[in-house]
Number of protein chains: 4
Amino acid sequence: MRIGVLTSGGDCPGLNAVIRSVVHRAGALGDEVIGFHDGWRGLLECDWRPLDHDAVAGILAQGGTVLGSSRVQPAHLRDGVERARAHLADLGLDAVVPIGGEGTLKAAKLLSDAGLPLVGVPKTIDNDIAATDVTFGFDTAVGVATDALDRLKTTAESHQRVLIVEVMGRHTGWIALHSGMAAGAHAVLVPERPFDVAEVAERVGARFDAGKRFAIVVVAEGAKPLPGTMKYEDGERDIYGHERFSGVARQLSLELEDRLGKEARPVILGHVQRGGTPTAYDRVLATRFGREAVEAVHRGEFGRMTALRGTEIVMVPLADAVATLKTVPAARYEECETVV
Amino acid sequence: MRIGVLTSGGDCPGLNAVIRSVVHRAGALGDEVIGFHDGWRGLLECDWRPLDHDAVAGILAQGGTVLGSSRVQPAHLRDGVERARAHLADLGLDAVVPIGGEGTLKAAKLLSDAGLPLVGVPKTIDNDIAATDVTFGFDTAVGVATDALDRLKTTAESHQRVLIVEVMGRHTGWIALHSGMAAGAHAVLVPERPFDVAEVAERVGARFDAGKRFAIVVVAEGAKPLPGTMKYEDGERDIYGHERFSGVARQLSLELEDRLGKEARPVILGHVQRGGTPTAYDRVLATRFGREAVEAVHRGEFGRMTALRGTEIVMVPLADAVATLKTVPAARYEECETVV
Amino acid sequence: MRIGVLTSGGDCPGLNAVIRSVVHRAGALGDEVIGFHDGWRGLLECDWRPLDHDAVAGILAQGGTVLGSSRVQPAHLRDGVERARAHLADLGLDAVVPIGGEGTLKAAKLLSDAGLPLVGVPKTIDNDIAATDVTFGFDTAVGVATDALDRLKTTAESHQRVLIVEVMGRHTGWIALHSGMAAGAHAVLVPERPFDVAEVAERVGARFDAGKRFAIVVVAEGAKPLPGTMKYEDGERDIYGHERFSGVARQLSLELEDRLGKEARPVILGHVQRGGTPTAYDRVLATRFGREAVEAVHRGEFGRMTALRGTEIVMVPLADAVATLKTVPAARYEECETVV
Amino acid sequence: MRIGVLTSGGDCPGLNAVIRSVVHRAGALGDEVIGFHDGWRGLLECDWRPLDHDAVAGILAQGGTVLGSSRVQPAHLRDGVERARAHLADLGLDAVVPIGGEGTLKAAKLLSDAGLPLVGVPKTIDNDIAATDVTFGFDTAVGVATDALDRLKTTAESHQRVLIVEVMGRHTGWIALHSGMAAGAHAVLVPERPFDVAEVAERVGARFDAGKRFAIVVVAEGAKPLPGTMKYEDGERDIYGHERFSGVARQLSLELEDRLGKEARPVILGHVQRGGTPTAYDRVLATRFGREAVEAVHRGEFGRMTALRGTEIVMVPLADAVATLKTVPAARYEECETVV
């Protein structure tokens with residue numbers, strides 16, 4: 001058989017581990033693998049290179065993707081269905097394995113619905129893809145955030161401050177939930193549950209009243225206050241009219257400083273959460289996903305993606321994966337809230 | 001309510017996270033918690049101290065156990081059932097939460113069968129407890145082993161050697177399987193599947209024939225050769241008549257050196273796998289276990305232990321947990337073998 | 001003898017290692033040690049506790065300071081000289097060992113000039129104290145920044161972006177210089193050398209022209225553009241009139257985006273650089289400093305501080321330490337520039 | 001100009017950083033660089049490849065050496081002087097930069113004395129090369145050993161054991177000294193000072209008498225007991241007549257167990273200390289060495305090697321570097337002993 005593989009969307013630790021695993025497993029079965037460059041672009045423009053054992057030597061522990069990536073543009077892709085089909089035929093490909101997040105999987109579904117033989121591999125540090133217990137990249141992101149929180153604790157204590165630490169998670173609070181729980185943050189704020197700033201201030205204030213000298217608040221970048229509860233307006237525009245430098249951690253630090261009379265400082269962890277060497281957990285998961293994708297190709301099980309359920313790797317319909325975002329359920333949030 | 005907690009058995013990253021979580025959750029519910037010193041000994045000798053928020057401050061990320069531990073002696077415990085019952089009554093305890101491995105859980109079952117109100121929390125770096133998808137400590141152990149393997153790769157290559165890396169796992173090969181997969185080891189040997197040394201040599205030799213300059217073999221300490229296949233006798237006795245310094249990695253390195261004509265060296269990772277700061281993954285799991293143990297006490301759900309199933313924390317009978325050892329299934333081993 | 005110790009100023013990995021070392025060395029010599037709480041405040045208000053072996057058990061690898069800290073207020077201290085003298089007499093102290101940065105050492109000099117028996121220990125993550133080759137805390141800060149840069153590289157590449165990474169260093173560029181060199185940043189900007197934004201853009205642009213897909217610029221927080229060379233005004237005021245959220249990385253990312261037509265993003269590492277477990281290097285240096293401080297007390301060598309010169313720990317006058325800031329010399333900057 | 005570079009001897013973190021730095025600096029000066037394969041072998045057999053910017057992209061943080069290495073055989077080299085001279089002429093090389101340890105530098109001196117234009121770069125994790133304050137690789141090795149010791153502490157305590165941790169250092173105790181000091185080991189044994197096992201037992205025993213529950217002894221692999229003081233004979237031969245599996249940690253654990261009646265276990269860290277990603281400190285030092293080697297070539301300063309003195313990179317005669325081994329001075333050992 002001949003299998004194409006591509007990576008699409010933002011950086012995510014474990015992408016190379018999937019690529020390597022696809023190549024190793026395919027190689028063992030006598031298949032050939034080619035890699036498209038820069039995600040869907042490579043498929044649409046027929047830009048690729050062959051991938052053999054040597055091509056993937058030493059990449060298992062490397063962050064990034066040796067194939068390059070690009071953000072998916074679904075419209076562009078829609079117009080490209082026939083081009084993609086033609087390239088598959090030209091290249092003699094029996095299947096394509098796109099590795100990517102929600103956008104990529106939607107695109108995969110679109111092509112799959114058009115009859116192309118696709119097997120998806122889900123990828124997101126945000127852990128927000130439904131139909132799988134967890135995605136690779138998430139454990140690494142949580143680990144990086146937790147390491148940072150561990151370090152920030154001694155600094156917050158030394159300076160007798162409140163630190164508001166913004167972690168990734170525009171739509172879901174999984175990274176905030178897990179890193180906050182792992183590091184023992186004193187409050188965790190997630191997009192799924194608009195927060196009441198007065199409550200946050202009260203909780204933090206109670207700590208200081210009890211004689212503690214610092215507090216750590218973990219906030220997902222997409223967490224929002226209950227409407228009308230914040231004194232400082234939504235800081236979405238900066239002085240240059242740009243949107244990107246503001247953020248909830250900044251607002252919140254101003255609010256808490258005002259309300260508590262304690263120094264509060266925002267720390268925005270940013271991109272560091274999505275790059276670099278994957279944890280062992282993510283490498284194992286990525287490797288298992290890559291292998292199973294090849295198995296699925298051999299079984300002709302198209303229009304599906306790999307997923308983790310308990311300790312098993314299973315195949316689930318792409319439709320299930322993209323139907324809804326996997327958000328933090330109330331029970332998990334309350335569980336966290338009651339032990340911090 | 002009044003709850004006693006104890007830790008028993010070998011070191012395992014996450015023990016303190018469970019203790020802290022029990023104290024936090026119990027505190028939020030208005031309960032009191034006491035900690036018995038040195039595992040079951042503390043219960044039998046009524047040696048304990050109160051545990052409040054301050055007593056568990058800062059321990060979440062610490063390895064070891066602030067309560068101390070000791071190896072369980074079931075016979076000793078059997079004689080001590082009535083003493084334990086009396087101490088529970090004297091101390092006004094509504095429940096005891098023992099945190100430990102197979103031996104501890106067996107002891108817990110024994111006491112539970114005698115009518116004592118126990119809720120177990122499983123603990124083992126080996127991941128060999130049935131009835132839970134995974135135990136805390138395992139992810140940290142795999143992470144430590146994987147970091148070591150990552151480092152050893154460059155050294156093996158630089159010296160053009162075969163390195164035989166012995167990881168923990170006397171009865172099961174979970175750490176070997178996961179760290180070997182995470183680090184891309186070239187062979188993984190586990191207790192569940194006696195190995196043919198000729199096959200291992202062939203696999204490693206094929207790598208050198210293909211022009212590679214090194215190989216890494218990961219072997220669980222409990223892995224055994226097929227009878228009669230090793231030239232070097234079982235090295236269980238050293239020159240002083242002691243057992244403990246020998247081991248499979250050492251035997252294997254002698255065999256491979258003989259068969260391949262390449263330098264082979266054993267590396268025994270040892271205790272470093274079971275100590276120190278837990279990973280974020282293990283801290284989250286340990287925290288969730290601790291919280292659920294308190295919930296179970298409140299529900300009067302005794303004779304059971306906390307377990308992870310998929311993404312959920314559930315309660316399972318202690319009997320299920322100790323009935324069989326959770327070994328590496330053939331499918332998982334083959335999955336690993338086909339991607340290395 | 002009886003020795004007082006205090007820590008003052010911002011968080012710095014290694015403070016606890018110094019405290020422990022002072023206690024261990026003093027204990028071996030039959031001395032007693034007391035620790036003042038919260039830096040100079042403890043001395044002025046006579047707020048302290050005894051420090052013996054048990055009090056410092058397990059703190060060697062911990063970030064922060066078990067004694068607490070506070071920012072020094074020299075004026076306050078000036079008025080407090082006689083109070084400090086009285087407390088020393090009351091407590092029967094033969095010497096005080098203040099551990100701190102430039103401000104603390106200036107305060108120490110003031111008290112020393114007034115005749116108080118002081119032995120200083122220099123501390124700063126910024127490495128800007130003259131008269132010592134290096135200070136503890138610096139190696140840890142550089143390590144944290146380098147780890148972050150390693151991770152950011154794969155992300156920058158994956159997103160085909162320029163990342164402008166702001167590291168600590170308000171007055172000197174040591175952290176930027178070392179972390180930039182360690183991580184292979186493509187430009188390093190320091191306070192000692194105002195930068196020409198056109199030059200930076202040209203250097204980064206040349207990388208893209210040569211087919212590279214990303215660039216990393218490391219900038220010390222105190223780096224400044226040559227006057228009049230930036231299109232975007234100095235962003236020191238945010239929309240709320242606060243100063244602290246703006247910064248050079250933000251300005252620079254706007255400028256580079258404009259000039260290059262590439263996505264550029266600021267990443268501000270922030271407080272994470274100054275907290276948490278010290279590196280082995282910093283623990284050794286801190287331990288050697290603490291020991292030598294006690295030796296100096298025994299030699300009656302007051303008004304001086306510990307310093308590293310080559311591989312030796314020596315004593316230097318406090319006056320030398322606070323006379324000038326140790327800035328990055330031109331030769332070191334050029335050395336860096338020519339290998340990136 | 002045209003410069004050859006080669007790496008020789010055992011694995012050492014930072015080798016690739018030197019190679020990259022040589023290529024970058026040479027490139028900036030308009031020079032060409034070639035890399036010989038597998039150390040001196042490559043020079044003698046004229047086996048090499050060109051090294052440009054792309055050839056060294058991404059290797060700064062990688063362990064091992066992209067050029068390969070081999071153990072130096074001085075006799076072989078002596079016969080090869082004329083061949084080496086001829087190859088230099090054939091290749092039009094103006095200089096060769098060998099990167100290696102004591103053996104390599106001796107070989108370099110031999111060739112240099114024969115008139116070949118050589119500039120050495122010292123390399124050893126053992127830090128035993130005279131004429132430089134420190135060598136790259138050492139900081140990484142100490143860091144790895146310290147991380148392991150940190151982890152082992154909680155395990156030793158949990159199991160109430162003495163752990164005897166053997167670190168690298170056949171002839172000198174630098175790694176033992178620094179990692180032992182960084183981790184707060186309770187005894188540190190080095191080759192420079194034969195140990196009295198009764199004294200070690202007494203020191204460890206005193207800890208237990210004082211109520212402590214564990215002890216960590218760090219021992220360099222080359223540390224030796226005072227003659228006639230050990231009950232167990234030198235374990236240099238194992239049951240197969242091999243030498244390599246025995247060692248001082250093993251002997252010592254048997255002795256301490258006998259004398260103290262406490263469980264004692266050896267842990268041999270082994271090869272993990274010399275592989276993998278270098279620390280930021282080592283990357284900076286390696287980069288500075290590489291750059292200075294190129295500068296020295298341009299200055300025609302042959303027969304010398306790069307060295308660190310304080311904060312400066314200087315050139316020193318190869319003769320100085322190989323004249324004596326840099327051992328741990330008594331003052332440093334006593335300094336360590338008095339704070340543990």
- First locate atom OG of B:S158, then atom NE2 of D:H271, and finally report the distance between them rounded to the nearest 0.5 Å. 11.0 Å
- Message: Strictly distance-based, threshold 3.5 Å: is any side-chain N or O of D:T154 a donor or acceptor partner for the main-chain N or O of B:G276?
- Response: yes
- Item | Heavy-atom proximity to chain B below 4.5 Å, by part of D:D147 | neither
- Query: So which of B:V267, B:D150, B:T277 has the largest heavy-atom pair count under 4.5 angstrom toward chain D?
  - Reply: B:T277
- Query: Does any heavy atom of chain B fall under 4.5 Å from the side chain of D:H159, the backbone, both, or neither of them?
  - Reply: side chain
- Message: Using heavy-atom distances under 4.5 Å, tell me whether B:S69 contacts chain D through its side chain, its backbone, both, or neither.
- Response: both
- From B:L152 CG over to D:Q273 CD, what is the distance, rounded to the nearest 0.5 angstrom? 10.5 Å
- Does any heavy atom of chain B fall under 4.5 Å from the side chain of D:V272, the backbone, both, or neither of them? both
- Query: Is chain B contacted by the side chain of D:Q62, its backbone, both, or neither, given a heavy-atom distance below 4.5 Å?
  - Reply: neither
- Message: With a sphere of 6.0 Å drawn around CZ of D:R170, does it hold more than 12 non-hydrogen atoms of other residues, nucleotides or ligands?
- Response: no
- Query: Yes or no on salt bridge (charged side-chain N to carboxylate O under 4.0 Å, His left out) for D:D11 and B:R161, after CA distance, side-chain angles and deciding distance?
  - Reply: CA-CA 12 Å; D:D11 195 18; B:R161 279 180 181 165; over 6 Å; no
Determine all donor-acceptor pairs shorter than 3.5 Å in which one atom belongs to a side chain in residues 214-223 of chain B; sequence neighbours excluded.
from   : atom 1 : to     : atom 2 : distance (Å)
B:E221 : OE2    : B:G169 : N      : 3.0

- Heavy atoms only, distances under 4.5 angstrom: which of B:D38, B:L269, B:V165 has the most pairs with chain D? Name it, please. B:D38
- Which bit of D:L15 comes within less than 4.5 Å of chain B, counting heavy atoms only: side chain, backbone, both or neither? neither
